[in-house]
Amino acid sequence: MITYFEMTPEGQLVEGTSEKSADWIHFEAPTKHEMHHFAKKYHLPAVLFEVAQDINEVARYETFTTDTGEVLTHICLLVPVKTHDSEDHAEYITRPFSLIISGQTLLTVGHQQSELIDEILTLEGLDGQIETVALKSVSAIYQRYLAVVAQQIEQLEENVHVSTRNRLLYALKSLKKSVVYLDLGLKSNQQIIPQIKASPLFERVSGHTDLLYRIDLQFAKSDKAITTYRELLAQLSDLLSDIISNRLNNIMKTLTSLSIILTVPTTLGGFWGMNVPVPLAESKLGFLVLLGLSLAISLCVGWWLKKKDYF
C-alpha cells in the first residue's frame, strides 16, 4: 500500500492524494511490482525496498550515488511492533523501517508500521524535517512499550502466588522475548546515532545538535531501562522456579505423610487378617476395637507428623 503525505506551511503533516505534491511517500509492505517501479523511477537500488521486509535486518546509515549523480541517504531503524502469541499475550518484536532521502522527497518503507506512521502524524513538524520527526517518533514508541513492559512485570510480581499456573509462565516467556527484541533494537539504533549526528542532512534543522542530543538521550534512557527489566525478569524467573519447586516438595511431603498414616490401619488389618488364631477373634466387639485402635494410632502418627512440620 502506498500513502502520500504533504507538509503544511504550519509544519503539520497531512495525508495527500498526489505523488507530485507529496513531501513524503510511505510504502507499507509494497509488492514486487511497486518496488521495482519506484526503484526505477527514483534511480534507486531495488534492495533498499527489500530491506524493510527482512526481519533480521540491522540498523544502518549509508549514502550512495545514483546513476544520475544524485547523492542519496538511506537510514534503517529498528522499530518495535506489537504482536500476540498463541496464548494471546502481547509481545513486542522489531521490524526494519527504511528512510530514503531523495532530494526534497522522503521515501519510507516498512512492514506493520501503522503505529509509527500515526505517531509521526501526531507530532508537530520540526522546521519541515520529517526525518527528525521520524527519529523522535521511534524513540517515543520504545519508551511507551517499555512502560507497558514495566507494568506487566509488576503484575507478574503481584501474581507470583499462583506460579503453578501455566498462564503465568507463558506471560513470563512473552515478556522475556519482548525484552530481548527491544534490547537488541535499541542497541542497534544507538550504534548509528553518531553517524546521524555527523550527517549534513540534519544541519538545516534549527537547533539540530540539541534535538539529536535529546533523541540520543532518550535512547540511552530506554537502554538503561531495558537492562533493568532484563535483570528483574531474570530474578523473577528464578523466583518462580524456586516457588514451583517448593510447592512440589510440599505436595510430595503431604502425600508421603498421608501414605504413612494410611499404612497404620492397613498394617493392623493385615495382622488380624491372618489365618491363625488372633486376639478378639471370637469377640463381637473385635472389629470395633480394631477400628478404634487403628484410628487412635493414626491420629497419634498424624499429630507427630504435624509436630515435625510434615503437613
Side-chain angles (χ1 to χ4, degrees), residues 1-19 21-28 42 48 51-52 59-63 72-82 94-147 182 185-186 188-223:
M1 183 179 70
I2 305 175
T3 311
Y4 306 104
F5 299 96
E6 301 175 8
M7 180 75 74
T8 65
E10 294 77 20
Q12 187 69 34
L13 281 169
V14 296
E15 188 171 344
T17 58
S18 173
E19 178 186 347
S21 59
D23 297 297
W24 170 25
I25 304 175
H26 176 64
F27 302 88
E28 181 67 25
Y42 288 94
L48 291 183
V51 165
R60 51 176 158 164
Y61 174 93
E62 56 190 355
T63 59
L72 303 180
T73 302
H74 173 230
I75 302 175
C76 179
L77 298 171
L78 298 184
V79 182
V81 297
K82 184 177 181 180
T94 54
R95 288 281 190 179
F97 182 73
S98 289
L99 298 93
I100 307 169
I101 298 92
S102 174
Q104 299 299 318
T105 304
L106 171 66
L107 306 178
T108 59
V109 188
H111 184 66
Q112 297 178 329
Q113 300 292 353
S114 57
E115 184 173 359
L116 175 60
I117 302 304
D118 293 339
E119 182 74 25
I120 294 175
L121 294 177
T122 57
L123 294 178
E124 295 293 333
L126 304 176
D127 294 338
Q129 187 79 356
I130 306 174
E131 298 87 348
T132 309
V133 181
L135 285 172
K136 187 175 179 65
S137 299
V138 172
S139 175
I141 291 178
Y142 270 104
Q143 290 180 322
R144 182 161 60 248
Y145 283 172
L146 286 175
L182 292 174
L186 276 170
S188 186
N189 289 341
Q190 282 184 296
Q191 290 179 353
I192 67 170
I193 291 296
Q195 294 174 276
I196 294 177
K197 284 182 177 180
S199 171
L201 179 67
F202 296 89
E203 291 182 353
R204 65 176 183 271
V205 181
S206 176
H208 76 285
T209 302
D210 182 61
L211 180 61
L212 292 176
Y213 169 77
R214 290 199 302 270
I215 293 175
D216 189 19
L217 185 61
Q218 289 176 348
F219 275 121
K221 289 180 178 179
S222 298
D223 183 55

**OP:** Search all heavy atoms of Ala59 against all heavy atoms of Ser188 and return the closest pair with its distance.
**Re:** N-OG, 2.9 Å
Original post:
Roughly how far, to the nearest 0.5 Å, is NZ of Lys221 from CD of Gln143?
Top reply: 7.5 Å
Original post:
Considering only heavy atoms from C-beta outward, does the side chain of His74 approach that of Arg60 to under 4.5 Å?
Top reply: yes
**OP:** Working to the nearest 0.5 Å, report the span between CZ of Phe27 and CD1 of Ile100.
**Re:** 8.0 Å
Original post:
Is a side-chain donor-acceptor pair under 3.5 Å present for His26 with Thr3?
Top reply: no
**OP:** To the nearest 0.5 angstrom, please state how far the CD atom of Gln195 sits from the OG1 atom of Thr63.
**Re:** 9.5 Å
**OP:** Indicate the atoms forming the closest heavy-atom contact of Lys136 with Ile215, along with that distance.
**Re:** N-CD1, 4.0 Å
Original post:
Which pair of heavy atoms, one from Leu182 and one from Tyr142, lies closest together, and at what distance?
Top reply: O-CE2, 3.8 Å
Subject >> Inter-residue atom distance Ile141.CD1 - Lys82.NZ, 0.5 Å rounding >> reply: 13.0 Å
Original post:
Side chain of Ser137, backbone of Leu116: donor and acceptor closer than 3.5 Å?
Top reply: no
Original post:
Checking Asn189 side chain against Leu78 main chain: does a donor-acceptor pair fall under 3.5 Å?
Top reply: yes
Subject >> Nearest-0.5 Å distance that lies between atom CG in Leu77 and atom OG in Ser139 >> reply: 10.5 Å
Subject >> Close side-chain approach of Ile193 and Leu212, heavy atoms under 4.5 Å >> reply: no
**OP:** Any chance you could measure Thr108, atom OG1, to Glu28, atom CD, to the nearest 0.5 Å?
**Re:** 8.5 Å
